[in-house]
**Student:** 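What follows is a single structure, and I will ask about it in a moment.
Every chain is numbered from 1, with letters handed out A, B, ... down the list of sequences. Every heavy atom of this structure was used, including side-chain atoms; hydrogens, water molecules and symmetry mates were not.
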Amino acid sequence: MEELAKKYNFKDIEEKQYLHCEKNDLFHGKINSTKKPFSIVIPPPNVTGILHMGHALNNTVQDILIRYKKMAGFETLWMPGTDHAGIATQNVVERKLAKEKLTRDDVGREKFLEHVWDWKQEYGSTIIKQLRSLACACDWQRTRFTMDEGYSDAVLEVFIRLYDKGLIYRGNRIINWCPRCQTALSDEEAPHQDMDGHLYHIKYPIKDSAEFLVVATTRPETMLGDTAVAVHPNDKRYKDLIGKIVILPLIQREIKIIADDFVDPAFGTGAVKVTPAHDPNDYGMGKRHNLEFINILHPDGVCNANAGKYNGLDRFAARKAVIEDLKQQGLLVKIDSHAHAVGHCYRCDTVIEPYYSKQWFVSMKPLAIPATEAVRTGEIKFHPERWTKVYLNWMDNIQDWCISRQIWWGHRIPVYYCAACQDEDDYKKGVIVSRIKPDKCRHCGATDLVQDPDVLDTWFSSWLWPFATFGWPFNQKAEDGKQKIEDEKQKIAKQELDYFYPTDVLVTAPEIIFFWVARMIMAGFEFIGDIPFKDVYLHGTVRDDTGKKMSKSLGNSIDPLEIIAEYGTDALRFSLISITSMGQDVYLSKEKFEFGRNFCNKIWNASRFILMNFDGVDVSKEKLPLKNDLNLADAWILSRFNLTLKKLNQSLSKYRLNEAVNIIYEFFWHQLCDWYIELSKLNIENKDTKIVLYNVLEMSLRLMHPFMPLISDEIWQKVTGNDTAIMSQPWPEINEDYIDLDIEKEMQLVMDNCVSIRNLRSENNIKPKDKVDIELYPEDKSVLNILEKNLNYLLNMSKVENLHFADKSSFKVSVNPSSTAAGCVIVMKLKLDETFDPEKETQKIEAQIKELNQHIIRKDKLLSNENYVKKAPVAIVEKEKQSLLELKQEIDKLEKIKSALK
RNA sequence: GGGCGCGUAGCUCAGCUGGUUAGAGCACCUCCCUUACAAGGAGGGGGUCGUAGGUUCGAAUCCUACCGCGCCCACCA
């Protein structure tokens, strides 16, 4: 039998054990008709990503579930991969080019994409490598990328299907525009942030009059694009002005005063400047009143020719200039400070501009119907449940999805335009949707077709992740002569989708419920006709210890790789999960990882002790003895183990992972190590004890494996002599035969008496190595029997030299320290040179009596309450009665001691 | 403007469908390097569970209001 190193060093074992599992092909999932499937698709990290604590938490949770389910007999599959992250990746590569003083336009589209692919080739698998250092049991052979050839087919297929169904359309709308990234964004990609802004009150002169109409705005520069001023139709102040003309200052354009219900008379002046091309509300009014749409901005946020003299000024510079000029002309009434929410680009944090432009959209309402229903009926469940409401609320108010992006990195929109027959009023005219470039226009035969320059939103590919990763829609074309082989591959892929889909659980953060979770559910129904997953497990956000979200830009992040280097992977995982209460945010600081590290160390040392003591017995071949043949400690630990397993299974079934981790910790450290191992030393030559030690350790290692896979494998191999890995082993089964509450009670009595004796020793400053003499006065015969039977435990666990049992009727204490314990009064005989202060002792006892009395009074009151006795469950009442009785006995004992001290 | 989460020991937090004398880790105090483990062992101190009401035989737990803190959603300029 091999020994464990004297000191636990995770660096010696962690990487080795991970590779060992991989080599044994334990992470690969394939169709197995004798097993039920259990599958998870990874939330694909961005290719630009580097591992942060959020990933660490997210993937640890998934890994725990995968390993646990595999052991529990499922055919598991964890599908890994990365997301091409259009805007983020393009930004990274553009920044790289900028270092060489180049822009993407300098190099051109084709060359630029080559640069991106080169970058992807070099850095794109960083995060995948990092996930391995977390010990993730992903099926790496299947690693997918959203820009893979097959995956891209799925994206095009979906675009075409939705277009054919009339659910994808092109149109001019106000969208969120990022002037820095120079692309349209979806609503979700432009989150609002509260900002301290200003409300500017501006006079608009009324034509042919000396009067003014005062409007209030937060973005004065947009007035350059104003094409009306709106008031509420019932607003008495302005009733007579409706239909009149005002002269737009600075530009001198004549615009109409219109009436619209949208206007809130109570806000600002009750008059609103209307800029249909630069505000979503104004857009609506513009449509309703047939106003002109005047775009005053270039895509980069610089004013264009429509801005008159402000042409060429950046939007914020233009704002200053406009205000300055209005002030000069006496048209600025006042500036109020005004807090409001402003949209920001989720990739670069630039203030977004509502911008009128032509984009592609998906009609979401029809897709939302089954996806809403599935959650409402509970077919898909959110954990914690409260997110259901957030999801449903969003789905009920779902808006169309802007999917075109004016960038180059991504899936190019499969649309070709025929210049000859394009029509401004009908987007379908002159439009050919096709996987490959058509030779000529279907409508007029023209041959100069131009592909749409835009690419699709990255989320338009990620929403297909749960099935596109399996190869859907399975129409891969092979090179010449190899189609047969390809067809066979596609057939298997299709069977795999049938087997593993729907996946079982999606583990992710609440931030992307809208971006991703909701859309995957819609895509699942639309393209596969079924839900993509049954459960959605939403964990919290990882924050620093002051509550700020951990992020690189804030500089407050703790690098998981650094933690792994310092504490080890198992320690990282165990610590992280222990503080991750269901759905609650995680507040992290470096010291928290000591928890896991210390536990790993404890496991190692305890295992080392057990492993040292097998000598002469081939423990792995011996059958576990029957309960009745075991001594108390051996029987007790087996009872504890099985009860622990029961609790653990329950926690796991409810995804209460922090609870699971604490159950394991409590059992292993405080029951196995603190008590059982110490007790086992008294019988260590006993063959049965060796067998029990072996079995409890071996099963414990299996229990902890999903949480700390590496240390458990290392020790397990050494202990069992088996060179496979725990992942190939079954999850332990509960053995009811060993669960015995009488044994637990008996052991508890022994432990309580040990603790009391230790207590006495400590209070009287007896050194740990000094032995003491004890007199025990048991309550009754059964207590006496139990303690007598387990005398050995008492003597050794609390370092007692002589222990005498005496009848409680003979109790008379001289001046000696004493204490009460479960079923006993304990007296410690002082040695000659030891001193004892009866006065202090009396005080201590009086304090105890006082405290107990408070409880007794409360219980007396409770039990004398007729209503309580009548209404509370019998079992509870009985328990209270019993507890009261025990309290009274305890007080009796204390009183007796007290009077004896006098 | 809606919605959600959190206020429990000095710190970080558990505490599920209400039911023993409210728990853990860290920190703190005392003793101990006892041959698995000082990243350890034995013992200890420390909480009127944010505040005020209510429901109940019984509330940290359920309800209401309020006070702090944080998050999400929303087209009021």
**Student:** Would you mind reporting whether A:Asp570 and A:Phe707 have side-chain heavy atoms less than 4.5 Å apart?
**Tutor:**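 No, every pair of side-chain atoms sits at 4.5 Å or beyond.
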**Student:** Write down the distance separating the P atoms in B:rA42 and B:rA27, rounded off to the nearest Å.
**Tutor:**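 It works out to 16 Å between them.
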**Student:** Distances under 3.5 Å between protein N/O atoms and the N/O atoms of nucleotides 3-6 of chain B, please, pair by pair.
**Tutor:**
from: B:rG3; atom 1: O3'; to: A:Lys389; atom 2: NZ; distance (Å): 3.3
from: B:rC4; atom 1: OP1; to: A:Lys389; atom 2: NZ; distance (Å): 2.8
from: B:rG5; atom 1: O2'; to: A:Gln584; atom 2: NE2; distance (Å): 2.8

**Student:** Check whether any side-chain heavy atom of A:Val274 sits under 4.5 Å from a side-chain heavy atom of A:Leu291, and report yes or no.
**Tutor:**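 SC-SC contact between A:Val274 and A:Leu291 confirmed.
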**Student:** Who pairs with A:His340 by ring-ring contact (aromatic ring centres under 6.0 Å, His included), at least two apart in sequence or on another chain?
**Tutor:**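 For A:His340 the ring-ring contact (aromatic ring centres under 6.0 Å, His included) partners, ignoring immediate neighbours, are A:His338.
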**Student:** Under 4.0 angstrom, heavy atoms only, what part of the nucleic acid is A:Glu678 near: base, sugar-phosphate, or nothing?
**Tutor:**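 Result for A:Glu678 = base.
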**Student:** Between B:rU48 and B:rG10, how many Å separate the two P atoms, rounded to a whole number?
**Tutor:**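 Roughly 8 Å separates the two P atoms.
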**Student:** Determine the Euclidean distance between corresponding P atoms of B:rC11 and B:rC49; express it in Å to zero decimal places.
**Tutor:**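 Per the computed distance, 16 Å lies between those P atoms.
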**Student:** Heavy-atom contacts under 4.0 Å between residues 593-606 of chain A and RNA chain B, which residues?
**Tutor:**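 Nucleic-acid contacts, sorted: A:Phe595, A:Arg597, A:Asn598, A:Asn601, A:Lys602, A:Asn605, A:Ala606.
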**Student:** Check every strand shown and say whether A:Leu887 touches a base, only sugar-phosphate, or nothing at a heavy-atom separation below 4.0 Å.
**Tutor:**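 Contact class for A:Leu887: base.
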**Student:** Using a 4.0 Å heavy-atom cut-off, does A:Lys799 contact any base of the nucleic acid, only the sugar-phosphate backbone, or nothing at all?
**Tutor:**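 No contact.
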**Student:** Excluding sequence neighbours, so at least two apart, what forms side chain to side chain contact (heavy atoms under 4.5 Å, CB included) with A:Glu566?
**Tutor:**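 A:Glu566 satisfies side chain to side chain contact (heavy atoms under 4.5 Å, CB included) with A:Lys590 only.
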**Student:** Kindly write out the residues that satisfy side chain to side chain contact (heavy atoms under 4.5 Å, CB included) with A:Lys381, not counting sequence neighbours, or none if the list is empty.
**Tutor:**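 Side chain to side chain contact (heavy atoms under 4.5 Å, CB included) check on A:Lys381 returns A:His383, A:Asp535.
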**Student:** Parallel, tilted or perpendicular for A:Phe293 and A:Tyr283, by the 30°/60° rule?
**Tutor:**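 Ring orientation, 0 to 90° scale: perpendicular.
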**Student:** Give the stems involving RNA chain B, where a stem is 3 or more consecutive Watson-Crick or G-U wobble pairs (i with j, i+1 with j-1, and so on) under 3.5 Å.
**Tutor:**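 Ordered by first number, the stems with RNA chain B (at least 3 consecutive pairs each) read B:1-7 with B:67-73, B:10-13 with B:23-26, B:28-32 with B:40-44, B:50-54 with B:62-66.
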**Student:** May I ask you to check whether over 12 heavy atoms, not counting those of A:Glu851, lie within 6.0 Å of atom CD?
**Tutor:**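 Counting other residues, nucleotides and ligands, CD of A:Glu851 stays at 12 neighbours or fewer.
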**Student:** Return the 5'-most residue of the pair A:Lys769, A:His670 with respect to RNA chain B, ranking by each residue's nearest nucleotide.
**Tutor:**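 Upstream on the strand: A:His670.
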**Student:** Residues two or more places apart in sequence or in another chain: which of them pass salt bridge (charged side-chain N to carboxylate O under 4.0 Å, His left out) with A:Asp336?
**Tutor:**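 So A:Asp336 forms a salt bridge (charged side-chain N to carboxylate O under 4.0 Å, His left out) with A:Lys334.
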**Student:** When you measure from every atom of RNA chain B, which of residues 753-761 of chain A have a heavy atom less than 4.0 Å away?
**Tutor:**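 Output list: A:Val755, A:Arg758, A:Asn759.
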**Student:** Does A:Phe667 have any ring-ring contact (aromatic ring centres under 6.0 Å, His included) partners at least two apart in sequence or in another chain, and if so, which?
**Tutor:**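 Applying ring-ring contact (aromatic ring centres under 6.0 Å, His included) to A:Phe667 gives A:Phe641.
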**Student:** Could you work out, with side chain to side chain contact (heavy atoms under 4.5 Å, CB included) as the rule, every residue matching A:Val215, not counting sequence neighbours?
**Tutor:**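 Side chain to side chain contact (heavy atoms under 4.5 Å, CB included) list for A:Val215, sorted by chain: A:Ile202, A:Tyr204, A:Val229, A:Ala271, A:Lys273.
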**Student:** Can you check whether A:Asn753's main-chain N or O pairs, donor with acceptor, with A:Ser756's side chain at less than 3.5 Å?
**Tutor:**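 No.
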**Student:** Can you tell me how far P in B:rG41 sits from the matching atom in B:rG25, rounded to whole Å?
**Tutor:**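 Result for the P pair: 10 Å, nearest Å.
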**Student:** Across the strands shown, which category fits A:Ile579 at heavy-atom distances under 4.0 angstrom: base, sugar-phosphate, nothing?
**Tutor:**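 No contact.
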**Student:** Select base, sugar-phosphate, or nothing to describe what A:Lys681 touches, counting heavy atoms under 4.0 Å on all strands.
**Tutor:**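 It contacts base atoms.
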**Student:** Both A:Asn867 and A:Ile610 contact RNA chain B. Which one's nearest nucleotide lies toward the 5' end?
**Tutor:**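 Checking each residue's closest nucleotide, the 5'-ward one belongs to A:Ile610.
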**Student:** Base, sugar-phosphate, or nothing: which does A:Tyr665 touch, judged by heavy atoms less than 4.0 Å apart?
**Tutor:**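 Result for A:Tyr665 = sugar-phosphate.
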**Student:** Dump every N/O contact between nucleotides 73-77 of chain B and the protein below 3.5 Å, one line per pair.
**Tutor:**
from: B:rC75; atom 1: O2'; to: A:Asn281; atom 2: OD1; distance (Å): 3.1
from: B:rC75; atom 1: O2'; to: A:Asn281; atom 2: ND2; distance (Å): 2.2
from: B:rC75; atom 1: N1; to: A:Asn281; atom 2: OD1; distance (Å): 3.1
from: B:rC75; atom 1: O2; to: A:Asn281; atom 2: OD1; distance (Å): 2.3
from: B:rC76; atom 1: O2; to: A:Asp264; atom 2: OD2; distance (Å): 3.3
from: B:rC76; atom 1: N3; to: A:Asp264; atom 2: OD2; distance (Å): 2.6
from: B:rA77; atom 1: O2'; to: A:Ala216; atom 2: O; distance (Å): 3.0
from: B:rA77; atom 1: N6; to: A:Asp264; atom 2: O; distance (Å): 2.6
from: B:rA77; atom 1: N6; to: A:Phe267; atom 2: O; distance (Å): 3.0
from: B:rA77; atom 1: N1; to: A:Asp264; atom 2: N; distance (Å): 3.2

**Student:** With sequence neighbours left out, what residues match A:Ile579 under side chain to side chain contact (heavy atoms under 4.5 Å, CB included)?
**Tutor:**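 Applying side chain to side chain contact (heavy atoms under 4.5 Å, CB included) to A:Ile579 gives A:Val586, A:Leu588, A:Lys592.
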